[in-house]
Amino acid sequence: MNVTFFNAKPYDKQFFEAANPEFGHQLKFLEVPLNEHTAVLAKDAEAVCAFVNDHADAAVLRLLAEGGTRLIAMRCAGYNNVDLKAAAELGLKVVRVPAYSPHAVAEHALALILTLNRKTHRAYNRVREGNFALTGLMGFDLHGRTVGLIGLGKIGLVTARILKGFGCRVLGFDIQHEAEADEIGVEFTDLDTLFAQSDIISLHCPLTPHTFHLINDEAIAKMKDGVMLINTSRGAIIDTKAVIKGLKCEKIKYLGLDVYEEEGDLFFEDMSAKVIQDDVFMRLLSFNNVLITGHQAFLTSDALQNIAHITLQNISDFEHGQALTNQVLP
Ligand code: NAD
């Protein structure tokens with residue numbers, strides 16, 4: 001099938017081209033994001049392959065359908081940026097990669113926790129400048145601390161296993177109760193208990209109308225003083241302005257983000273020569289206890305291999321009229 005990729009980066013091209021000989025699709029890689037202005041570039045592509053910050057709203061989907069597209073193949077797990085109802089009305093099928101490496105994201109959450117705690121990013125710079133003073137680098141033992149995980153799906157469960165290995169007490173909140181969580185030793189609680197008892201809170205639920213701004217002023221007020229907050233899920237689960245207030249009054253002592261609610265205007269691009277116009281983001285960067293990575297939790301070679309293989313398989317299944325096991329329905 002003819003497949004047009006939007007927002008394609010060199011690593012996407014590398015891993016998709018390596019996986020494609022098995023599938024034999026015609027791949028066209030575009031660097032531009034998918035939006036109302038660029039959708040026409042996919043004319044005659046039966047499948048469009050998009051990523052987390054592409055805009056697949058009703059207007060864009062209509063343009064794609066008019067150009068001959070029949071399949072939207074998301075090369076990611078989340079699909080909050082696709083108007084599924086509009087896609088169904090236009091006769092477009094939507095597929096995704098529900099699991100490619102929960103380890104990649106869980107391990108990145110741990111990287112944020114460990115870096116914020118032991119301040120290795122600051123130590124690295126100090127030592128390179130010949131400054132071996134330790135003042136300001138004190139951390140705490142993870143062993144014995146309580147970590148609350150919101151969302152105990154694939155990534156949340158891997159995170160729970162890793163944290164158990166560190167000797168943490170792990171609390172969990174999810175709208176479903178997987179037996180695997182009990183086997184790992186996660187204590188299921190309600191959200192209020194999780195907020196009140198956790199030294200570290202890590203988000204692993206999807207962005208839905210129910211989780212939008214789940215971490216707001218009210219939730220932060222219920223948290224322990226000095227809490228560490230980690231978000232590797234989706235930016236808008238956190239109300240950023242509320243979190244900034246929490247940082248200013250030192251209720252939140254550490255913040256680790258891989259995602260940001262307005263990341264669409266910033267992430268995945270080199271902005272180093274530009275003036276960043278997002279004042280809320282720049283305020284976040286001004287805190288020395290805030291660590292931000294630009295949506296890179298998925299970025300391991302293992303995950304990219306799996307993403308390419310599963311996406312191309314999804315496209316082949318569609319081409320051959322087979323059951324779409326990874327289809328997303330409204
Ligand atoms: P998953 O579907 O396996 O698990 C999500 C869990 O969240 C499920 O158990 C579900 O029941 C639970 N959940 C849903 N609504 C909830 C709510 N209101 N409150 C509490 N729990 C709720 O998904 P996953 O593979 O574990 O991924 C989790 C999220 O991580 C994805 O939705 C995506 O947004 C994010 N993600 C980020 C990256 C990255 O690079 N930063 C990569 C992959 C996934």
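Counting starts at 1 for both ligands and their atoms, following the listed order.
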Exercise. Could you name the option among Ala77, Gly153, Ala297, Ser233 that has the heavy atom nearest to atom 29 (C) of ligand 1?
Key: Ser233

Quiz item: Out of Thr293, Val259, Ile155, whose heavy atom is nearest to atom 26 (O) of ligand 1?
Solution: Ile155

Using a 4.0 Å heavy-atom cut-off, say whether [X] meets ligand 1 through its side chain, its backbone, both or neither.
X	value
Asp174	both
Leu299	neither
Tyr100	side chain

Quiz item: Taking the side chain from Asn80 and the backbone from Leu207, do they hold a donor-acceptor pair closer than 3.5 Å?
Solution: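 No, the answer is negative, given that no donor and acceptor are paired below the 3.5 Å cut-off.
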
Quiz item: Thinking salt bridges, do Glu269 and Lys9 make one under a 4.0 Å N-O criterion?
Solution: yes

Practice problem: Could you tell me whether Arg62 and Glu36 make a salt bridge, using a distance below 4.0 angstrom between a side-chain N and a carboxylate O? | Solution: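 A salt bridge is absent here (no side-chain N lies under 4.0 Å from a carboxylate O).
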
Quiz item: Backbone or side chain, does any N or O of Thr208 fall under 3.5 Å from an N or O of ligand 1?
Solution: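 N/O-N/O distance below 3.5 Å does not exist for this pair.
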
With a cutoff of 4.0 Å, is [X] in contact with ligand 1, counting heavy atoms of the residue only?
X	result
Ile175	yes
Gly78	no
Asp258	yes

Exercise. Apply ring-ring contact (aromatic ring centres under 6.0 Å, His included) to Phe298 and list each qualifying residue two or more places apart in sequence or on a separate chain.
Key: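 Phe51.
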
Quiz item: By ring-ring contact (aromatic ring centres under 6.0 Å, His included), which residues pair with Phe15, not counting sequence neighbours?
Solution: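 Phe15: no ring-ring contact (aromatic ring centres under 6.0 Å, His included) contacts found.
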
Quiz item: Between His177 and Asp182, does any side-chain donor sit less than 3.5 Å from a side-chain acceptor?
Solution: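 Looking only at side-chain atoms, Asp182 and His177 do form a donor-acceptor pair, the distance falling under 3.5 Å.
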
Quiz item: Any chance the side chains of Ser101 and Asn306 put a donor and an acceptor closer than 3.5 Å?
Solution: no

